[in-house]
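Input: a single structure, listed below in structure tokens.
All ligand and atom numbering here is 1-based and tracks the order in the structure.
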Amino acid sequence: MSPARPAAVVVLAAGEGTRMKSSIPKVLHPVGGRSLVHHAVAAAAALDPEHLVVVVGHGREQVTAHLAEVAPKAATAVQEEQLGTGHAVSCALQELPQLTGTVVVTYGDTPLLTGETLRHLVDEHDASGNAVTIITADFDDPTGYGRVLHDADGRILGVVEQKDATAEQRQIREVNSGIYAFEVATLTDALGRLGTDNVQGELYLTDVVGIASSDGKQVGALHIDDTWQTQGINDRVQLADVHHELNRRTVERWMRDGVTVRDPQTTWIDADVTLARDVTLEPNTLLRGATTVAQAALIGPNTELVDTEVGARAEISNTTSYGAVIGPDATVGPYTYLRPGTRLGAHARAGGFVEMKKAVLGEGAKVPHLSYVGDADIGAGANIGAGTIFANYDGVTKSHTAVGEHSFVGSNSVLVAPVEIADGAYVAAGSAITNRVEAGELAVARGKQRNIRGWVARRRAGTRTAAAAERADATTDTAPDESREHSSEQHDHGQGDSKGPDA
Ligand code: UD1
Ligand code: CA
């Protein structure tokens, strides 16, 4: 039997969240890579309701725009003035056609509530034939919450708010989570009969419980032990607590699914990240956004990957990456910065102190040390020597550079875009390349070397350097002759001169 589909889920998110002391609406604050309201809507969507409505009020333009992005199927209902939770639900129902069946109400600021718990609520509601089913929990400190009132036989009589409760009622530790399933007719009828005769002068949704009960309808509770799921966020201290707990749960889930996490305390994994088996996460690793990591990759320590795709067996340490794709068996780091549009092929390498932006590296291509690579294609097997700069910006426009397969760029070169180096070409170390290099060519683009004999003796007489030169001359058998005045021609044909460290 397929699970029962509620007629609607209503997510209340119109409140201001004054205690956040924020210029953005409370429900837009993120935890675990999603806004509070995104978590709420994701849990609601797990019920596959016919209608999903978020009640918005404070900051409603921002909240509505955000929902259009993250939950385009969710409708919004506007509550102009926050006249209470009961009024908020009425505003939602006004947006909907005539309903039959079950309406579930949840909050936009309880991000640990799961779709599974909502499913239990609906199943319990259906199985019991209740008119109203409330999720309740026992709190050690119930201060601030509505308390659940029972009669001598254990039947639920209603909910009394902290502010309206007697001293005796305040002793009750069973609290109303604010998450309910209602039979539609019971809900709409009771909403029409709500009054504001309470300390806050609000239309309380909680009074629906009391009205249904005194009408003789069956009211029940789904009691849950996991109180975190009902934990609402009112201030930044609770935001941090809930974030911590959400992360603890996420990390634990991945460990149970086959991921090694060396230090769960310093590993932060966003809700939308996916990890394969045998991934290892070293301490101080942050995986954020839509990051995905394939089998047996090794990540960390001290690494932040945002919206990054990591291939199988890749190894990434001490790296920051935004929007990069790292191929299987690639190696990255330490101290590497990958920016959007970067794609490393299989077995490619982005080494220490390398920054890349829109850099596409073919299979086995290597940029091992101290380089900036922007707007470039580097062919398979190419090697970019230490300290090479891809100069992609002339102050006005960004231009592209291509380096062909198995080509070799000597250390400390600058490739001034737009420029192309063909397959199987060499660039001598220290070159500034501005023109195309054809296949099989060696490009040399730098000042010629000139050695000036006797310069130290003449211009630095009396220094330790001059003394060292004198000693060196004395121990050299070969008489000084003109052949020591090198021309750069001779050097440029020697392999040694174009060598990078990884040659
Ligand atoms: C509410 C319940 C209380 C319960 C507690 C659980 C009522 C009267 N009380 O109290 O029994 O223990 O939640 O957390 O329902 N909201 C609107 N429009 C409004 C008022 C509120 O959208 O006019 C939204 C808020 O944004 C918030 C939620 O409803 O997400 C709860 O409102 P809040 O004022 O925080 O209710 P509590 O006093 O916490
Ligand atoms: Ca609250």
Side-chain angles (χ1 to χ4, degrees), residues 9-20 22 25-29 35-37 39-41 43-44 53-60 63-64 76-95 104-113 132 134-139 141-149 156-165 169-170 172-180 182 187 190-191 194-211 219 221 224 227-235 238-239 242:
V9 180
V10 176
V11 178
L12 305 188
E16 184 174 10
T18 329
R19 281 172 283 170
M20 293 298 282
S22 177
K26 174 169 82 174
V27 294
L28 294 188
H29 282 260
S35 66
L36 299 182
V37 71
H39 283 286
V41 169
V53 189
V54 180
V55 179
V56 296
H58 276 279
R60 69 181 201 235
V63 178
T64 303
T76 54
V78 176
Q79 185 189 26
E80 294 286 354
E81 265 186 288
Q82 280 66 63
L83 304 177
T85 47
H87 177 249
V89 172
S90 297
C91 292
L93 296 182
Q94 270 165 28
E95 293 294 312
V104 172
V105 176
T106 70
Y107 291 160
D109 61 0
T110 53
L112 289 172
L113 177 71
V132 181
I134 318 173
I135 294 183
T136 69
D138 287 343
F139 278 19
D141 179 10
T143 309
Y145 286 87
R147 310 297 208 284
V148 182
L149 307 177
I156 292 175
L157 296 174
V159 172
V160 62
E161 291 306 291
Q162 163 93 17
K163 286 175 179 158
D164 301 297
Q169 288 168 333
R170 287 183 187 182
I172 298 170
R173 295 201 307 120
E174 187 183 4
V175 307
N176 168 30
S177 67
I179 299 153
Y180 323 77
F182 297 102
L187 176 64
L191 286 176
L194 293 183
T196 54
D197 184 17
N198 53 58
V199 170
Q200 302 184 82
E202 290 182 359
L203 294 161
Y204 286 169
L205 181 60
T206 46
D207 287 347
V208 170
V209 181
I211 292 169
V219 177
I224 64 171
T227 56
W228 279 109
Q229 290 208 36
T230 65
Q231 179 74 55
I233 288 170
N234 297 308
D235 61 31
Q238 288 171 325
L239 186 71
V242 164

What atoms in ligand 1 come closer than 4.0 Å to a heavy atom of [X]?
X      : answer
Ala88  : 17 (C), 18 (N), 22 (O)
Thr206 : 7 (C), 8 (C), 9 (N), 11 (O), 15 (O)
Leu12  : 22 (O), 24 (C), 29 (O), 30 (O)
Gln82  : 18 (N), 19 (C), 23 (O)
Asp109 : 30 (O)

Check for a donor-acceptor pair, side chain of [X] on one end and backbone N or O of [Y] on the other, with a separation under 3.5 Å.
X      : Y      : value
Thr136 : Glu174 : no
Lys163 : Asn198 : no
Arg147 : Arg170 : yes
Asp164 : Val199 : yes

Are any of the N or O atoms of [X] closer than 3.5 Å to those of ligand 1?
X      : result
Gly144 : no
Glu161 : yes
Ala14  : yes
Thr85  : yes
Tyr145 : no
Gly146 : yes
Gly178 : no
Gln79  : yes
Gly15  : yes

Between [atom1] of [X] and [atom2] of [Y], what distance do you get to the nearest 0.5 Å?
X      : Y      : atom1 : atom2 : answer
Ile233 : Leu36  : CD1   : CG    : 4.5 Å
Thr230 : Leu112 : OG1   : CG    : 9.5 Å
Glu202 : Asp197 : CD    : CG    : 13.5 Å

Sub-4.5 Å side-chain heavy-atom contact between Gln238 and Met20: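 The answer is no, as the side chains (C-beta and beyond) never meet within the 4.5 Å cut-off.
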Beyond-backbone contact of Leu187 with Leu93, side-chain heavy atoms, under 4.5 angstrom: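 SC-SC contact between Leu187 and Leu93 confirmed.
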Identity of the nearest option to atom 8 (C) of ligand 1, non-hydrogen atoms only, from Tyr107, Phe139, Tyr204: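 The residue whose heavy atom sits nearest atom 8 (C) of ligand 1 is Tyr204.
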[X], portion touching ligand 1 at heavy-atom distance under 4.0 Å:
X      : value
Leu83  : backbone
Glu202 : neither
Asn176 : both

Min heavy-atom dist Val175 to ligand 1 below 4.0 Å: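 Val175: no contact with ligand 1 (<4.0 Å).
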Any Ser177 heavy atom less than 4.0 Å from ligand 1: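 A heavy atom of Ser177 does come that close to ligand 1.
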Short side-chain donor-acceptor distance under 3.5 Å, Glu81 and His87: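 No donor-acceptor contact under 3.5 Å links the two side chains.
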Side chain to side chain contact (heavy atoms under 4.5 Å, CB included) assessment of Leu194 paired with Ile211: CA-CA 9 Å; Leu194 293 183; Ile211 292 169; 3.9 Å; yes
Of Ile179, Val10, Val41, Ile135, the residue whose pairing with Thr106 passes side-chain contact (heavy atoms from CB on, under 4.5 Å):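 By the side-chain contact (heavy atoms from CB on, under 4.5 Å) criterion, Thr106 pairs with just one of Ile179, Val10, Val41, Ile135: Ile179.
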